[in-house]
Amino acid sequence: QVQLVESGGGLVQAGGSLRLSCAASGSIGRINAMGWYRQAPGTQRELVATISSGGSTNAADSVKDRFTISRDNAKNTVYLQMNNLKPEDTAVYYCNADILAKATLMFVEYWGQGTQVTVSS
């Protein structure tokens, strides 16, 4: 069974930094795009950043100059380095990945359980 496990969330003051990690485990054949999304209370889940298997990245305008997404294909892990955090970055951050499971030989979109990021002013 394939799963995504996130870590690295927490409480930080405005201007601080956090690094999120998300590791995919299980019977994995291949991973295409990986990404991070976030959802604040009362809002819809929104894209933060994505990265292709080849390393091409895309990020929301609101975070483009402050957040960096990267991945380690050997470890099936995606990272989100968040710098100069602002109170409006407070949300639950979710990892997302498009994974080919060996058991099904089909690409399926998987989600992590979410990790809370809280930025105090």
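Values reported hereafter were calculated over all heavy atoms of this structure, with side chains retained and with hydrogens, waters and symmetry mates removed. All residue numbers in this chain count up from 1 along the given sequence.
With a 4.5 Å cut-off on side-chain heavy atoms, V48 and L80 count as touching. Side-chain contact between T50 and T57 is absent, with no heavy atoms from C-beta onward closer than 4.5 Å. Looking at heavy atoms from C-beta onward, V117 lies in side-chain contact with M82 at the 4.5 angstrom threshold. Contact of the L20 side chain with the S7 side chain is not registered, since no non-hydrogen atoms from C-beta on lie closer than 4.5 Å. In this structure, the side chains of I99 and L4 come closer than 4.5 Å at one or more pairs of heavy atoms. Looking only at side-chain heavy atoms (C-beta outward), V108 and Y110 come within less than 4.5 Å of each other. I31 places none of its side-chain heavy atoms less than 4.5 Å from the side chain of F107.
One finds the CD atom of Q1 at 11.5 Å from the CD1 atom of I28 (value rounded to the nearest 0.5 Å). The CG atom of L11 lies 5.0 Å from the OG atom of S120; values are rounded to the nearest 0.5 Å. Atom CG of D98 sits about 9.0 Å away from atom CG of L100, to the nearest 0.5 Å. In this structure, CD1 in I69 is found 8.5 Å from CE in M34, a value given to the nearest 0.5 Å. Atom OG of S25 sits about 15.0 Å away from atom NZ of K75, to the nearest 0.5 Å. One distance of note links CG of L18 with OH of Y93; it measures 9.0 Å at 0.5 Å rounding.
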Begin from the C-alpha positions of T90 and E88 and carry the test side chain to side chain donor-acceptor pair (under 3.5 Å) through to its verdict. CA-CA 5 Å; T90 295; E88 51 263 43; over 6 Å; no

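Aromatic ring centroids of Y37 and W111 lie under 6.0 Å apart.
E6 contributes a side-chain N or O that, together with a main-chain N or O of Q113, makes up a donor-acceptor pair within less than 3.5 Å. Looking only at distances, no side-chain donor or acceptor of R71 sits under 3.5 Å from a matching main-chain atom of N76. Within the 3.5 Å criterion, the main-chain N or O of N84 finds a donor-acceptor partner in the side chain of R66.
Both tests hold for R19 against Y79: distance to the six-membered ring centre under 6.0 Å, angle to the ring axis within 45°. Cation-pi geometry between R38 and Y94 is not satisfied (NZ or CZ under 6.0 Å from the ring centre, within 45° of the ring normal).
Under a cut-off of 6.0 angstrom, the local environment of NZ in K64 is crowded, with over 12 non-hydrogen atoms contributed by other residues, nucleotides or ligands.
With hydrogens and angles left out, the side-chain atoms of N83 and S17 include a donor and acceptor closer than 3.5 Å.
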